[in-house]
Amino acid sequence: MSFSELRREYSLTGLRRADLEPDPLTQFRKWFDQATGARAGGRVRRLFVRWYKRLFLAAGAVQVDLNAMTLATVDPQGRPSTRVVLLKALDERGFVFYTNYSSRKGMELAGNPHAALTIYWADQERQVCVAGTADRVSGAESDAYFKSRPQRSRIAAWASDQSQVIADRAELEGKWRQYDAKYPGENVPRPPYWGGYVLVPERVEFWQGRPNRLHDRFRYTRQPNNSWLIERLSP
């Protein structure tokens with residue numbers, strides 16, 4: 001099958017101005033809760049979980065990462081790069097994710113903190129696009145999250161010089177064993193080059209798929225007084 005033959009009609013629901021919360025982070029939380037079934041209670045939630053597992057986990061299917069976000073950054077020459085990161089917190093500041101500060105994205109954010117995120121929930125026929133600036137979270141916040149990670153993941157943060165060239169996989173696994181021996185048990189400190197960022201939004205767009213490609217699309221733009229201007233956009 002050719003790429004041009006891949007087509008999909010969007011027909012689940014619509015999005016009206018009256019459906020939107022005044023604050024985009026509250027609206028995002030509402031959509032995220034709907035995507036994960038968090039707002040369904042009792043029997044409804046059990047039915048959702050059963051349907052989700054049957055649809056996405058049957059026949060060896062891989063579970064969808066509902067908190068996956070495509071992060072876009074730019075280098076000093078203005079050339080963009082993207083990768084998928086995981087949303088680990090959402091609060092009044094914005095969208096929080098964690099990474100190696102010395103990685104490509106970390107170095108690019110150090111040079112230019114302007115960045116963008118895209119979150120896509122195919123089964124909901126929804127997309128959220130966020131643009132703003134990324135700031136490092138505090139060391140205490142990074143420490144608290146790092147401590148919550150599985151022990152093996154914490155060891156991996158020490159073993160991986162993220163984005164750097166290595167000779168082969170044996171080199172990577174050898175470094176992992178080295179740090180596993182150095183930090184036995186659960187007492188694995190956070191590497192000084194590893195921590196969190198919060199992307200503080202200046203613009204947030206909510207996209208809901210609709211039939212005939214006449215999608216619903218709304219943009220929130222932060223105003224000087226930190227209120228939000230909401231506008232419908234042509235799809």
Side-chain angles (χ1 to χ4, degrees), residues 32 35-36 56-57 60-91 93-122 128 130-201:
F32 185 80
T36 60
F56 289 102
L57 305 183
V62 177
Q63 185 170 354
V64 177
D65 291 320
L66 294 173
N67 60 334
M69 314 182 294
T70 299
L71 170 67
T73 56
V74 294
D75 68 11
Q77 288 72 46
R79 296 172 297 195
S81 59
T82 63
R83 76 289 291 159
V84 174
V85 297
L86 297 178
L87 176 65
K88 289 300 179 180
L90 177 73
D91 56 31
R93 299 170 301 172
F95 301 78
V96 179
F97 61 93
Y98 291 84
T99 190
N100 186 314
Y101 294 142
S102 300
S103 65
R104 183 179 64 188
K105 56 184 170 296
M107 298 299 291
E108 290 181 351
L109 288 172
N112 184 345
H114 295 286
L117 297 168
T118 298
I119 303 95
Y120 180 57
W121 297 305
V128 183
V130 184
T133 56
D135 300 322
R136 290 190 186 185
V137 304
S138 69
E141 187 173 348
S142 290
D143 286 341
Y145 173 71
F146 190 77
K147 186 178 293 186
S148 75
R149 303 181 86 206
Q151 187 261 0
R152 290 172 176 265
S153 295
R154 283 179 275 164
I155 294 296
W158 283 98
S160 174
D161 295 323
Q162 195 174 99
S163 302
Q164 301 304 307
V165 175
I166 56 176
D168 50 31
R169 182 161 186 91
E171 177 184 342
L172 179 63
E173 293 181 347
K175 289 187 65 177
W176 192 94
R177 289 191 295 271
Q178 172 190 338
Y179 283 106
D180 188 39
K182 182 176 181 179
Y183 299 117
E186 293 298 315
N187 187 26
V188 184
R190 176 176 63 92
Y193 49 79
W194 192 99
Y197 290 91
V198 55
L199 192 139
V200 181

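All values below come from the heavy atoms of this structure, side chains included, with hydrogens, waters and symmetry mates left out. Count residues from 1 along the sequence.
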By side-chain contact (heavy atoms from CB on, under 4.5 Å), which residues pair with Gln77, not counting sequence neighbours?
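With sequence neighbours excluded, Gln77 shows a side-chain contact (heavy atoms from CB on, under 4.5 Å) to Asp75, Arg79, given in chain and number order.
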Would you say CG of Asn187 has more than 12 non-hydrogen atoms from neighbouring residues, nucleotides or ligands within 6.0 angstrom?
no
Is there side-chain contact between [X] and [Y], with heavy atoms separated by less than 4.5 Å?
X: Val128; Y: Trp121; answer: yes
X: Pro76; Y: Asn112; answer: no
X: Ser103; Y: Tyr193; answer: no
X: Ile119; Y: Leu87; answer: no

Which atom pair, heavy atoms only, marks the closest approach of [X] to [Y]?
X: Val130; Y: Pro201; answer: CG1-CB, 3.7 Å
X: Leu66; Y: Ala35; answer: CD1-O, 3.6 Å
X: Thr82; Y: Thr70; answer: CB-CG2, 3.9 Å
X: Ala68; Y: Val84; answer: CB-CG1, 3.8 Å
X: Ala159; Y: Leu172; answer: O-CD1, 3.9 Å
X: Lys105; Y: Gln162; answer: NZ-OE1, 2.8 Å

May I ask you to decide if [Y]'s main-chain N or O and [X]'s side chain share a donor-acceptor pair within less than 3.5 Å?
X: Ser160; Y: Ala156; value: no
X: Asp65; Y: Asn67; value: no
X: Ser142; Y: Gly196; value: yes
X: Asp168; Y: Glu171; value: yes

Check the pair Lys175 / Ile166 against side-chain contact (heavy atoms from CB on, under 4.5 Å), numbers first and verdict last.
CA-CA 11 Å; Lys175 289 187 65 177; Ile166 56 176; over 6 Å; no
Check the pair Asp180 / Gln151 against side-chain contact (heavy atoms from CB on, under 4.5 Å), numbers first and verdict last.
CA-CA 9 Å; Asp180 188 39; Gln151 187 261 0; 3.5 Å; yes
Look up atom [atom1] in [X] and atom [atom2] in [Y], then write down how far apart they are to the nearest 0.5 Å.
X: Ile155; Y: Arg177; atom1: CD1; atom2: CZ; value: 13.0 Å
X: Phe95; Y: Lys88; atom1: CZ; atom2: NZ; value: 15.5 Å
X: Thr99; Y: Leu86; atom1: OG1; atom2: CG; value: 10.5 Å
X: Arg190; Y: Arg149; atom1: CZ; atom2: CZ; value: 11.5 Å
X: Glu141; Y: Asp91; atom1: CD; atom2: CG; value: 7.0 Å
X: His114; Y: Leu199; atom1: NE2; atom2: CG; value: 11.0 Å

In terms of side-chain geometry, is the basic nitrogen of Asp135 or Arg93 positioned less than 4.0 Å from the acidic oxygen of its partner?
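So Asp135 does not pair with Arg93 through a salt bridge.
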Is the ring pair Phe97/Tyr197 parallel, tilted or perpendicular, if the boundaries are 30 and 60 degrees?
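Taking Tyr197 first and then Phe97, their aromatic rings lie parallel (interplane angle under 30°).
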ring-ring contact (aromatic ring centres under 6.0 Å, His included) partner of Trp194, chosen from Tyr101, Trp158, Tyr98
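For Trp194, the ring-ring contact (aromatic ring centres under 6.0 Å, His included) test succeeds with only one of Tyr101, Trp158, Tyr98, which is Tyr98.
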